[in-house]
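Can you keep this structure in mind? I'll have questions shortly.
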Amino acid sequence: MTAQFVRDRITQLRLQKGVSEYKMSYDLGHSRGYINNISSGKALPSLTELFAICEYFDITVIEFFGNADNPQLLRKTIDGLDVLSQEDLELIKQIINRLSK
């Protein structure tokens with residue numbers, strides 16, 4: 001992981017949420033340029049602020065650093081698997097295997 005990954009990931013998640021840098025900065029309780037400073041490479045969030053950013057996007061830190069383009073969708077999908085029968089889970093696994101080829 002690099003600092004650029006953190007910057008790019010925040011930008012990706014922000015765009016998916018459809019909020020501006022200014023609005024996100026304001027929502028997090030910072031000056032209007034806070035997120036712009038992160039995105040432009042002038043700063044990085046502290047660990048405490050990274051937790052707040054993850055909470056803002058309703059994701060875990062693990063999901064932040066994961067490789068999923070849409071961690072919320074992935075989490076909802078995984079949560080949906082909990083209610084399936086063993087037989088249905090096997091079918092889903094076969095579909096995943098086939099699509100991955």
Side-chain angles (χ1 to χ4, degrees):
M1 296 293 145
T2 65
Q4 190 61 47
F5 173 86
V6 172
R7 292 180 183 105
D8 292 345
R9 185 68 162 156
I10 291 170
T11 299
Q12 174 195 28
L13 294 168
R14 180 182 61 75
L15 293 173
Q16 283 178 356
K17 187 170 177 135
V19 296
S20 67
E21 290 178 340
Y22 170 76
K23 177 160 176 31
M24 184 175 169
S25 295
Y26 178 77
D27 290 346
L28 291 170
H30 291 281
S31 67
R32 60 184 278 154
Y34 176 71
I35 295 299
N36 180 266
N37 286 339
I38 293 171
S39 298
S40 66
K42 295 177 186 171
L44 280 174
S46 68
L47 186 56
T48 302
E49 285 302 319
L50 183 61
F51 290 147
I53 289 168
C54 289
E55 185 176 320
Y56 181 77
F57 292 123
D58 191 30
I59 62 173
T60 66
V61 174
I62 292 170
E63 290 168 329
F64 181 90
F65 287 105
N67 61 1
D69 289 333
N70 191 334
Q72 297 94 342
L73 177 61
L74 181 60
R75 184 177 343 126
K76 287 177 184 177
T77 302
I78 291 169
D79 289 346
L81 295 175
D82 284 342
V83 299
L84 298 180
S85 68
Q86 189 69 29
E87 182 180 347
D88 288 342
L89 286 172
E90 287 296 329
L91 287 172
I92 297 290
K93 180 181 168 196
Q94 290 173 14
I95 292 168
I96 291 170
N97 288 341
R98 181 171 180 178
L99 293 174
S100 297
K101 291 181 182 180

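Residues take their numbers from the sequence shown, with the count starting at 1. Predicted model, so just to flag it, every value in this text is computed and none were measured.
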| message | Let's go through Leu28 and Ile35 carefully: what are the C-alpha distance in whole Å and the side-chain angles of both, what is the deciding distance for side-chain contact (heavy atoms from CB on, under 4.5 Å) to 0.1 Å, and is it a yes or a no? | response | CA-CA 9 Å; Leu28 291 170; Ile35 295 299; 4.0 Å; yes

Between Ala3 and Leu44 the two heavy atoms that sit nearest each other are CB-CD1, 3.6 Å

Run the side-chain donor-acceptor check on residues 87-101: report pairs under 3.5 Å with partners two or more places apart or on a different chain.
unit_1 : atom_1 : unit_2 : atom_2 : d
Asp88  : OD2    : Ser85  : OG     : 3.4
Asn97  : ND2    : Lys93  : O      : 3.4
Ser100 : OG     : Ile96  : O      : 2.7

Check: Would Phe57 and Met24 satisfy side-chain contact (heavy atoms from CB on, under 4.5 Å), going step by step from the backbone distance to the final call?
Finding: CA-CA 10 Å; Phe57 292 123; Met24 184 175 169; 3.5 Å; yes

Notebook entry, point to check: Honestly curious: do Leu73 and Leu84 fall in one hydrophobic cluster under the side-chain, below-4.5 Å linking rule?
Noted result: no

**Request:** For residues Phe51 and Pro45, determine if any side-chain heavy atom of one lies less than 4.5 Å from a side-chain heavy atom of the other.
**Result:** no

Handout entry: Atom CG of Leu15: over 12 foreign heavy atoms under 6.0 Å
Key =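 Yes - once you tally the heavy atoms of other residues, nucleotides and ligands closer than 6.0 Å, there are more than 12.
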
(request) Measure the shortest side-chain to side-chain distance between Thr2 and Arg7 over non-hydrogen atoms and say whether it is less than 4.5 angstrom. (result) no

Does the plane of the ring in Phe5 sit parallel, tilted or perpendicular to the ring in Phe65? Use 30° and 60° as the thresholds. parallel

task = Carefully, step by step, assess Arg75 and Ile59 under the rule side-chain contact (heavy atoms from CB on, under 4.5 Å).
result = CA-CA 9 Å; Arg75 184 177 343 126; Ile59 62 173; 4.0 Å; yes

* If you group Ile, Leu, Val, Met, Phe, Trp and Tyr by side-chain heavy-atom gaps below 4.5 Å, do Ile53 and Leu74 land in one group? -> no

With rounding to the nearest 0.5 angstrom, report the CZ to CG distance, Arg9 to Leu50.
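Here the rounded value is 11.0 Å.
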
Applying side chain to side chain contact (heavy atoms under 4.5 Å, CB included) to Lys42 and not counting sequence neighbours gives Asn37, Ser40

Worksheet item: Pairs in or reaching into residues 20-32: which pass side chain to side chain donor-acceptor pair (under 3.5 Å), with residues at least two apart or in two chains?
Response: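 Found Glu21-Asn36, Glu21-Ser39, Lys23-Asp27, Asp27-Tyr56, His30-Glu49.
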
Q. Can Ile62 be reached from Leu13 by stepping across I, L, V, M, F, W or Y side chains whose heavy atoms are under 4.5 Å apart?
A.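 Result: no, two separate clusters.
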
